[in-house]
Each structure stands twice: as structure tokens, then as C-alpha cells.
Protein chains: 2
Amino acid sequence: MNNISDAVIKRLPSYYRHLEKMLKEGITHISSYDLGKRMGLTPSQIRQDINIFGGAGRQGYGYPVQDLLEHIAKIIGITKTQNMIIIGAGNIGGAIVGYSSFIDSGFKTLAMFDVSEEKIGKKIKGVIVEPVSKLGEFLNNNDVKIAVIACPENQAQSIADILVSNNIKAIWNFAPIDLILPDSVVCVNVHLSESLQQLSFRLNNLI
Amino acid sequence: MNNISDAVIKRLPSYYRHLEKMLKEGITHISSYDLGKRMGLTPSQIRQDINIFGGAGRQGYGYPVQDLLEHIAKIIGITKTQNMIIIGAGNIGGAIVGYSSFIDSGFKTLAMFDVSEEKIGKKIKGVIVEPVSKLGEFLNNNDVKIAVIACPENQAQSIADILVSNNIKAIWNFAPIDLILPDSVVCVNVHLSESLQQLSFRLNNLI
DNA sequence: TAGATTGTTAATCGATTAACAATC
DNA sequence: TAGATTGTTAATCGATTAACAATC
């Protein structure tokens, strides 16, 4: 079950989303064929994937939706709430703290951090904005493993260094920069500009 | 030069970003070895990629940074400003219209659209919020090919249908749903929840 | 039991890496 | 010229798809 490939990891949340939807629709079991049709994958790939992350089906019957959903939730790690903090109380930071579906799937923002005097002390969607200078202290006093970097690019690396030295283990990075991090810290980038440029390329290279 | 694979398309904006940075640093030419070191790719892959999208180097010398940057900008399609609209004036929509770096790389938001009476008529970062009911009319009167879907999930598909029937050719989708679109329309998804879940998986499966 | 569908092995496909002659 | 480095072909690696025996 260990050593799940990158390709499979990227599909995991999509499995979760589709299974959740099916559960809501009252579907109790589903074949690799039908699940593949919903997700845009081949039945073969569905079966390979599910075997890799350790789900179990039944011949002639398919996969039990609820069991599979619970199993995936468990390996993703969203069965219990995980705390996070957001560095940068600007547009992106504000959008993330306000994006309610994160709460649904088990993530809770404890605090935001910014350098702007106007923002410090205020609340955004009920979450307090603290000064960046208190970042280390805050992390020492709270159980947080996930941090969101939504600050300007030129501060991102130094913020990351502070986070790492205060025991943050996962960084969700919105700054358009490749952070230098130790192997013991995981990172997922959301490079919005690059995503939009990808769209632009596809638009300008339509056949 | 045509039929650039998905893998290469995803790397294109990263090439652009790194080359732009190098140009600012005053680097005039670079070898596949050094570029690979900066981008975290092998020299082999750099050379393969550049050949695929039609750049040109010189043996014994490397690649001219400015030429390559201009070439990539051209095939991405960001040499001239491209208009876009945003559907949904909520958290995500607000963050995107405010994200100034999009303007730097040639994207201009002409208008936002929402259903909320409170938001309609107001301006966000200088951009007017129009009622969704005027979407079709607006698209008939303006040259826009790119639309951002940042509305609630349950409205996303019907919005997409309106966009498609009014000649939008590229959709940047932030709703957690797989849109059904004709082949003549390109789409890039930004599924934030899935991205965060990926981070969670990696955090919870660290060795 | 018969039909459906999994689990898993083998085959294929595509992407990455290695190698090296060409050449600046 | 000699050294560096590309462009490109071949080798490798990994991911996806196909096939089919096992079995519910």
C-alpha cells in the first residue's frame, strides 16, 4: 500500500469527490465500469488504482461506495479536523479562509498572519489576523501542521523558513516560486498564473 | 511543432517564469544543464522540450534567454492582452480580479457577473459587477474568449452552457465539478479542495 | 448455476533519460 | 583548434490498457 505513485495521488481527491456525490445520490455499490464513466477513466485504471490504495471490491458486484469513501477519507487524512494557518491576509488569503467547503472536508484555519498594520487585529470571516512577528510564538503554542503561503513572492521563502523551523510539516504554496524545503516537509503548489497561461496556450493552439 | 503533449504544456508556463527571472538577472544565455538545475529537470528533458515547442539553441553556447522567452510567450499567447470575464463576485472571483500579476502577464478582466443584488452595480478592484442575466448581451457586445467560473457549484454547469452558447472559447473553472463542454472549448480546472486534500495525503503519508 | 465483475498479470504506450555524433 | 553543448536517436522507465482466470 505504500509508495503510491504521483499519478494516483493526484486522482485520490477526485475519487473522494465522486464517491461522496454517489453516496448522496443513494448509490450503494458501483462497478469499475460505471465509476470509470463518471470519472473519465478506464475500468482497468479504476481497478488498478483501488488495488494500489488498498480498497476492496467483490467479483460480480462491484465496490461498496460508503466503505470505499471512508477508506479514501482515511488515507487522505480527512477523518478528523486538521488545523491550519494562513500567511498573508490579502486577496488569496481572504478567499481561502472564506472558502467554506474546506471546513466541510475537515480543515480549520486557526489564524491569519500579515505585516500590514491596518489588517493586524482585525478579523476576516471570523479569523483573527496576527502580526507575522508572532508566527513562531503562535506555532509553539498551537497544534498546527499545515500552513498556507499566500504572501507576496519576495517574502515567501523567508516565511517558509520560519514555518519549517517552527515545525510546520505541510505547506500549501500560492506564491509563484519554487520553495526550498527539507524532505521532511511536504508542499503542494497552486500557481495560478501558470494555470491561466496553460489555458491561454490551449486556447491559442486549438486545432 | 503541433501536438505538444500534456506533460510539456504543463511545463511551458514554468519555462516562461524561469526565463523571465533570468532575463531580469541579466543572464543572456543558458545551457540545458544550468536551466535544468534551476527548474528541477534533467538537461535531456530541457532539450527535448525546447525542440518540441520549436526553440533553437546553439551548440557549445546554449539557448539565448530573451529569444526563448519571446518564443514561449508567443506560443502561450500572452504577447497581447486577452480579455476575460469572471462569473461570481465572491471570495474566489474577488481574489482573481485583485491578483495583479495577471495584468502583468497580459490578462484583463472586463467585467464580473453575480446574482446578488447587493453586489450588482458595485465595483471590485475597479471592475464593475453586472447581473448574470446580462451575460449573453455582454458577450455579444465585447471581444472576450476567456471566462472564469467562480460561482457556486450548483450553478456552474448552467453558467458554462450560457458561456459556450455565447462564444466563449476558454474556461478557467474553480467550481468543484467536471464541466461538460464541446471539444471546441478548452478548460483548465483549479480544484482547490482537491489540491488541499493532496497536501493532506502527503502529510499523512510521510515516511 | 450463470452472469457479472473483480484482482492481477502481461502487453502496450508514452514520457523521460542516456548516449553520441554534429557543430558552434 | 579544442571544448562545450546542442539536436536527435536509442534505451529505459513508468503508467495505462488489455486480457483473462478467479470468484462472488
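Just so you know, these numbers use all the heavy atoms, side chains as well, and skip hydrogens, waters and symmetry mates. Everything numeric in this text was worked out from a predicted model, so none of it was measured. Protein chains get the first letters and strands the later ones, always in sequence-line order, with residue 1 at the start of each.
- A donor-acceptor pair under 3.5 Å is formed between the side chain of B:His18 and the backbone N or O of B:Ser14.
- Counting only distance, with no hydrogens or angles, the side chain of B:Ser195 and the backbone of B:His191 share no donor-acceptor pair below 3.5 Å.
- With the 3.5 Å cutoff on both pairing distances, Watson-Crick and G-U pairs in DNA chain D assemble into runs of at least 3 at C:3-24 with D:3-24.
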Can you give me the N/O atom pairs linking the protein to nucleotides 21-24 of chain C at distances under 3.5 Å, or say none if there are none?
residue: C:dT23; atom: O4'; partner: B:Gln59; partner atom: NE2; Å: 3.4
residue: C:dC24; atom: O3'; partner: B:Arg58; partner atom: NE; Å: 2.9
residue: C:dC24; atom: O2; partner: B:Gln59; partner atom: O; Å: 3.1

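- Ion pair A:Lys74/A:Glu70 not flagged as a salt bridge, since none of the NZ, NE, NH1 or NH2 atoms sits closer than 4.0 Å to an Asp/Glu carboxylate oxygen.
- As a whole-Å value, the separation of B:Lys37 NZ from D:dT5 P is 11 Å.
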Item to check | Annotated protein contacts, base or backbone, on nucleotides 10-18 of chain C with a non-hydrogen cut-off under 4.0 Å, one of B, S, - each | outcome: B----SSBB

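- Counted within 6.0 Å of NZ on B:Lys169, heavy atoms from surrounding residues, nucleotides or ligands total more than 12; the atom is thus considered enclosed.
- When heavy atoms are screened at a 4.0 angstrom cut-off, A:Tyr33 is found touching no nucleic acid atom at all.
- Just one of A:Leu35, A:Thr28, A:Ile30 meets the side-chain contact (heavy atoms from CB on, under 4.5 Å) condition when paired with A:Val65; it is A:Ile30.
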Under 3.5 Å, sequence neighbours excluded: what are the donor-acceptor pairs made by side chains of residues 54-63 of chain A?
none

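- Residues A:Asp161 and A:Gln157 bring a donor and an acceptor atom of their side chains to less than 3.5 Å of each other.
- Surrounding CG of B:Asp6 are more than 12 heavy atoms belonging to other residues, nucleotides or ligands, all under 6.0 Å away.
- For the OP1/OP2 pair of C:dT6 and a distance below 4.0 Å, the side-chain nitrogens and oxygens of A:Asn51 include no atom meeting the criterion.
- Among pairs with a residue in residues 151-186 of chain A, those fulfilling ring-ring contact (aromatic ring centres under 6.0 Å, His included) read A:Phe102-A:Trp172, A:Trp172-A:Phe174, at least two apart in sequence or across chains.
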Anything under 3.5 Å between a donor and an acceptor, one on a side chain of residues 137-145 of chain A, the other on a protein residue two or more places apart or in another chain? List them.
residue: A:Asn140; atom: ND2; partner: A:Gly136; partner atom: O; Å: 3.4
residue: A:Asn141; atom: ND2; partner: A:Glu137; partner atom: O; Å: 3.3
residue: A:Asn142; atom: ND2; partner: A:Phe138; partner atom: O; Å: 2.9

